[in-house]
Amino acid sequence: MIEVRIRKVTPTDLNRVAEIEAICFPAAEAASQEAFQQRIAAFPEYFLVAEINDTLVGFINGCVTNSSVIYDELFANTQHHVPNGVNASVFGLDVIPEYRNQGIAAQLMKHFIQEAKIAGKKSIILTCKAKLIHYYASFGYVNDGVSKSTHGGAEWFDMTLVL
Ligand SMILES: CC(C)(COP(=O)(O)OP(=O)(O)OC[C@H]1O[C@@H](n2cnc3c(N)ncnc32)[C@H](O)[C@@H]1OP(=O)(O)O)[C@@H](O)C(=O)NCCC(=O)NCCS
């Protein structure tokens, strides 16, 4: 079994994180390098990376909010990050194709859930496409129905994990 190291992001991970995002998401949905630079500065404690043999292969990131659902401005503007807010959010979960279906995203998610629990957050919120509802449900997330988000022109579902 491959050995995966999960750790907090550092500013030097920026280029690779943006590269992975561009591989994992279509251009209309992918966050830009500038957006990641701001996120790494604003909420490094909710930005975890997965490393194999010193190479980044995936990551998870999201801000903290008092909102019970994700709304589009949250993605775009780190000013919406409320460090003492009640809910953690997941903006994105990425693993490069060569390393998928080996539980790496699951390890990232489990560490993220642990961080949010330790910080005393009430829940974790995310939006996902229909095809991934079952996957997030496997961690205990509950489907709250179609999201108001129109991020990238796609249909998204709100999901919540009560901690
Ligand atoms: C979604 C994504 C992050 C999943 O990454 P991953 O590392 O492959 O995820 P996991 O390995 O934890 O789980 C994927 C599947 O592999 C299965 N799996 C996990 N460990 C496994 C193992 N050791 N052997 C075989 N299968 C395994 C999981 O059960 C899951 O199956 P399912 O789809 O039937 O539920 C990845 O496909 C990705 O980056 N996609 C593009 C971006 C995206 O859509 N992100 C999510 C929206 S924010």
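Both backbone and side-chain heavy atoms feed into the values below; hydrogens, waters and symmetry mates do not. Order of appearance sets the numbers: ligands from 1, and atoms from 1 within every ligand.
If you look at H134 next to ligand 1, the close heavy atoms, those under 4.0 Å, all belong to the side chain. Only the backbone of Q102 comes within 4.0 Å of ligand 1, counting heavy atoms alone; no side-chain atom from C-beta on gets that close. Contacts of I96 with ligand 1, taken as heavy-atom pairs under 4.0 Å, are absent altogether. With a 4.0 Å cut-off on non-hydrogen atoms, F139 does not touch ligand 1 at all.
Proximity of atom 31 (O) of ligand 1 to the protein is not indicated, since no non-hydrogen protein atom lies closer than 4.0 angstrom.
Protein heavy atom closest to atom 11 (O) of ligand 1, with residue, atom name and distance, is G103 N, 2.6 Å. Closest to atom 3 (C) of ligand 1 among all protein heavy atoms lies L93 O, 3.4 Å. Protein heavy atom nearest atom 36 (C) of ligand 1, with residue, atom name and distance: R100 NE, 3.4 Å. Atom 6 (P) of ligand 1 has its closest protein heavy atom at A105 CB, 3.5 Å. Among protein heavy atoms, the minimum distance from atom 39 (O) of ligand 1 is reached at V95 N, 2.9 Å. The protein non-hydrogen atom at the shortest distance from atom 26 (N) of ligand 1 is N101 O, 3.2 Å.
With hydrogens and angles left out, the side-chain atoms of S149 and D72 include a donor and acceptor closer than 3.5 Å. No side-chain donor-acceptor contact under 3.5 Å links T65 and N87.
Of the options F36, W156, F91, a ring pair (Phe, Tyr, Trp, His ring centres under 6.0 Å) to F75 is made by F91 and by none of the others.
In terms of polar-atom proximity, defined here as any N/O pair under 3.5 Å, C24 makes no such contact with ligand 1. Residue contacts with ligand 1: L132 is placed with no nitrogen or oxygen under 3.5 Å of a nitrogen or oxygen of the ligand (distance criterion only).
Between M109 and I60, the closest side-chain pair of non-hydrogen atoms falls below 4.5 Å. Between M159 and V142, the closest side-chain pair of non-hydrogen atoms is not below 4.5 Å. Taking 4.5 Å as the limit, every side-chain heavy atom of D158 sits out of range of all side-chain heavy atoms of I125.
Heavy-atom contacts of A106 reach the following atoms of ligand 1: 12 (O) (cutoff under 4.0 Å). Less than 4.0 angstrom separates some heavy atom of Y136 from each of these atoms of ligand 1: 46 (C), 47 (C), 48 (S). Close approach of ligand 1 to D94 is summarised as follows: ligand atoms under 4.0 Å from at least one heavy atom of the residue are 39 (O).
Annotation for Y71: atom OH counts as buried by contact number, over 12 foreign heavy atoms lying within 6.0 Å.
Using a 4.0 Å cut-off between charged side-chain N and carboxylate O, R16 and E51 make no salt bridge. A salt bridge between R100 and D94 is absent, with no side-chain N of the basic residue lying under 4.0 Å from a carboxylate O of the acidic one.
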- Message: salt bridge (Lys or Arg N to Asp or Glu O under 4.0 Å), that's the test. Do E115 and K8 meet it? Break it down for me.
- Response: CA-CA 11 Å; E115 291 291 333; K8 293 211 169 102; 3.6 Å; yes
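Among residues at least two apart or in separate chains, there is no ring-ring contact (aromatic ring centres under 6.0 Å, His included) pair with a member in residues 4-27.
Heavy-atom proximity to atom 12 (O) of ligand 1, evaluated over F25, Y135, Y99, F91, is greatest for Y135.
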